[in-house]
Amino acid sequence: MPARKRTRRRGSTSAGQPFASEQTRARLIDAAGEMFAERGFHHTTVRQISNRAGANIAAVNYHFGDKTGLYTEVVRQSMRAARLDAVRAAFEQNLPLEQILHAVVKARLESLRGLDLGDWHFRIFAHELAKPTPAINVVVNEAIRPLYLRLCNLIGNMLRLPPDHEKTRLCAHSIIGQILFYAFARPVISRLAPEMRMTATQIDHITDHITEFSMAYLRQAQPKRRTTKDGKKR
């Protein structure tokens with residue numbers, strides 16, 4: 001009798017594996033994000049994360065290399081949740097410098113308005129600022145530095161100074177500080193001034209204030225143009 005050919009359902013296992021693998025990866029990120037936000041990087045173990053995700057410990061090494069690699073990816077997810085694309089787009093507008101600054105401030109405040117302070121994305125970022133890990137380099141190089149350099153360039157153009165001038169940087173820090181105050185001090189603001197909720201209307205008011213407050217200094221800090229004998233300004 002001729003040997004029976006063994007039939008096999010092609011792709012039944014291999015087709016399902018990538019999907020299952022991605023599901024496992026997503027579960028690990030969510031579980032890690034929650035646990036790192038609750039306990040911090042140093043007090044969270046790979047075993048605890050794997051148990052919460054319902055995954056094998058080896059899956060962490062397979063997808064991320066080690067705990068630091070997993071934490072770094074969690075930090076990247078937090079940066080994506082910050083919705084910085086709108087801030088980048090604000091810098092791209094072909095507008096007068098003051099209007100660009102206004103648009104940048106509003107875009108950043110808008111991204112903060114939709115952020116839940118209890119969400120692990122926000123708490124991870126707060127943890128990283130309070131007690132930095134090696135992942136702080138990812139936060140700075142991939143998210144903060146590009147926008148910071150663009151802000152310094154914008155302010156430098158207003159002041160007619162190089163973007164890396166000390167005064168340019170100090171002005172950039174002051175503007176950033178005003179914006180972040182409404183993110184990190186929100187629990188305090190809600191008690192000091194309950195009417196200042198981060199509504200769309202309130203965002204407009206805060207944006208106008210930060211822009212006007214900042215421009216008041218930037219205008220007076222600009223070097224005065226000298227008038228030549230023929231009446232032309234230099």
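Remember, it's a predicted structure, so these values are computed and weren't measured experimentally.
Salt-bridge annotation for Arg27 and Asp30: absent, with no side-chain N of the basic residue lying under 4.0 Å from a carboxylate O of the acidic one.
Side-chain atoms of Arg191 come within 3.5 Å of backbone atoms of Pro187 as a donor-acceptor pair (strictly under, hydrogens ignored). Looking only at distances, no side-chain donor or acceptor of Glu98 sits under 3.5 Å from a matching main-chain atom of Met215. No donor-acceptor distance shorter than 3.5 angstrom exists from the side chain of His102 to the backbone of Thr211, with no hydrogens or angles considered. Of the possible polar contacts, none joining the Thr44 side chain to the Phe41 backbone as a donor-acceptor pair under 3.5 Å is found. In terms of modelled atom types and a separation under 3.5 Å, the side chain of Ser111 and the main chain of Arg108 share a donor-acceptor contact.
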May I have the step-by-step check of side-chain contact (heavy atoms from CB on, under 4.5 Å) for Met158 and Leu101, ending in yes or no?
CA-CA 10 Å; Met158 291 180 179; Leu101 178 60; 3.9 Å; yes

Assess whether side-chain contact (heavy atoms from CB on, under 4.5 Å) is satisfied between Tyr71 and Arg76, documenting all intermediate values.
CA-CA 9 Å; Tyr71 181 76; Arg76 284 197 172 97; over 6 Å; no

Between Phe125 and Phe184, does a side-chain contact (heavy atoms from CB on, under 4.5 Å) hold up when you go through it step by step?
CA-CA 11 Å; Phe125 188 66; Phe184 291 99; 3.9 Å; yes

After noting the C-alpha distance and the side-chain angles of Gln178 and Ser214, does the key distance pass the side-chain hydrogen bond (donor to acceptor under 3.5 Å, both in side chains) rule?
CA-CA 9 Å; Gln178 290 179 80; Ser214 302; 3.1 Å; yes

For Phe36 and Ile49: C-alpha separation, side-chain torsions, deciding distance, then whether side-chain contact (heavy atoms from CB on, under 4.5 Å) applies.
CA-CA 9 Å; Phe36 285 138; Ile49 294 169; 3.7 Å; yes

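Two residues are said to be in side-chain contact when any heavy atoms from C-beta on lie closer than 4.5 Å; Phe64 and Arg25 meet this criterion. With contacts defined as side-chain heavy-atom distances shorter than 4.5 Å, the pair Asn153/Phe91 does not qualify. For the pair Glu92/Arg88, no side-chain contact is recorded, criterion being any heavy-atom separation below 4.5 Å from C-beta on. The closest side-chain heavy-atom distance from Asp66 to Val60 is not below 4.5 Å. Looking only at side-chain heavy atoms (C-beta outward), Leu28 and Thr24 come within less than 4.5 Å of each other. Inter-residue side-chain proximity for Arg150 and Pro163 is flagged as unmet; no heavy-atom pair is nearer than 4.5 Å.
The environment of CZ in Arg197 is sparse: at most 12 heavy-atom neighbours from other residues, nucleotides or ligands sit within 6.0 Å. Around atom CD of Glu195, more than 12 heavy atoms belonging to other residues, nucleotides or ligands sit under 6.0 Å away. Other residues, nucleotides and ligands place more than 12 heavy atoms under 6.0 Å from the NE2 atom of His42.
Remark: Leu109 CG to Ile210 CD1 distance equals 5.0 Å, nearest 0.5 Å. The CZ atom of Arg39 lies 7.5 Å from the OG1 atom of Thr45; values are rounded to the nearest 0.5 Å. Atoms CD and CZ, on Glu34 and Arg123 in that order, are 8.0 Å from each other to the nearest 0.5 Å. If you take CZ on Arg160 and OG1 on Thr168, they are separated by 12.0 Å, rounding to the nearest 0.5 Å. Note that the CE atom of Met35 and the CG atom of Leu70 stand 11.5 Å from one another [nearest 0.5 Å]. Here CG of Leu218 is found 10.5 Å from CG of Leu97. Values are rounded to the nearest 0.5 Å.
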When the side chains of residues 200-207 are checked against the rest of the protein, which donor-acceptor pairs come out under 3.5 Å, sequence neighbours left out?
from   : atom 1 : to     : atom 2 : distance (Å)
Asp204 : OD1    : Lys106 : NZ     : 3.0
Thr207 : OG1    : Ile203 : O      : 2.7

Name each donor-acceptor pair under 3.5 Å that joins a side chain in residues 130-140 to protein atoms two or more places apart or in another chain, with its distance.
from   : atom 1 : to     : atom 2 : distance (Å)
Thr133 : OG1    : Glu128 : OE1    : 3.1
Thr133 : OG1    : Glu128 : OE2    : 2.9
Thr133 : OG1    : Ala135 : N      : 3.1

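Clustering ILVMFWY residues whenever any of their side-chain heavy atoms sit less than 4.5 angstrom apart, transitively, puts Val104 in a cluster other than the one holding Phe213. There is no path of hydrophobic side-chain contacts, each under 4.5 Å, that joins Tyr62 to Ile29. Hydrophobic cluster membership differs between Leu161 and Leu170, with clusters built from Ile, Leu, Val, Met, Phe, Trp and Tyr side chains linked at under 4.5 angstrom.
Chaining together hydrophobic side chains whose heavy atoms lie under 4.5 Å apart places Val188 alongside Leu192.
With sequence neighbours left out, Ala172 forms a side-chain contact (heavy atoms from CB on, under 4.5 Å) with Tyr148, Leu151, Cys152, Ile155. With sequence neighbours left out, Phe181 forms a ring-ring contact (aromatic ring centres under 6.0 Å, His included) with no residue at all. Residues that satisfy the side-chain contact (heavy atoms from CB on, under 4.5 Å) test with Tyr217, not counting sequence neighbours, are Lys167, Cys171, Gln220, Ala221.
Among all heavy-atom pairs drawn from Ser78 and Trp120, the shortest one is OG-CZ3, 3.7 Å. Among all heavy-atom pairs drawn from Ile57 and Ser50, the shortest one is CA-OG, 3.5 Å.
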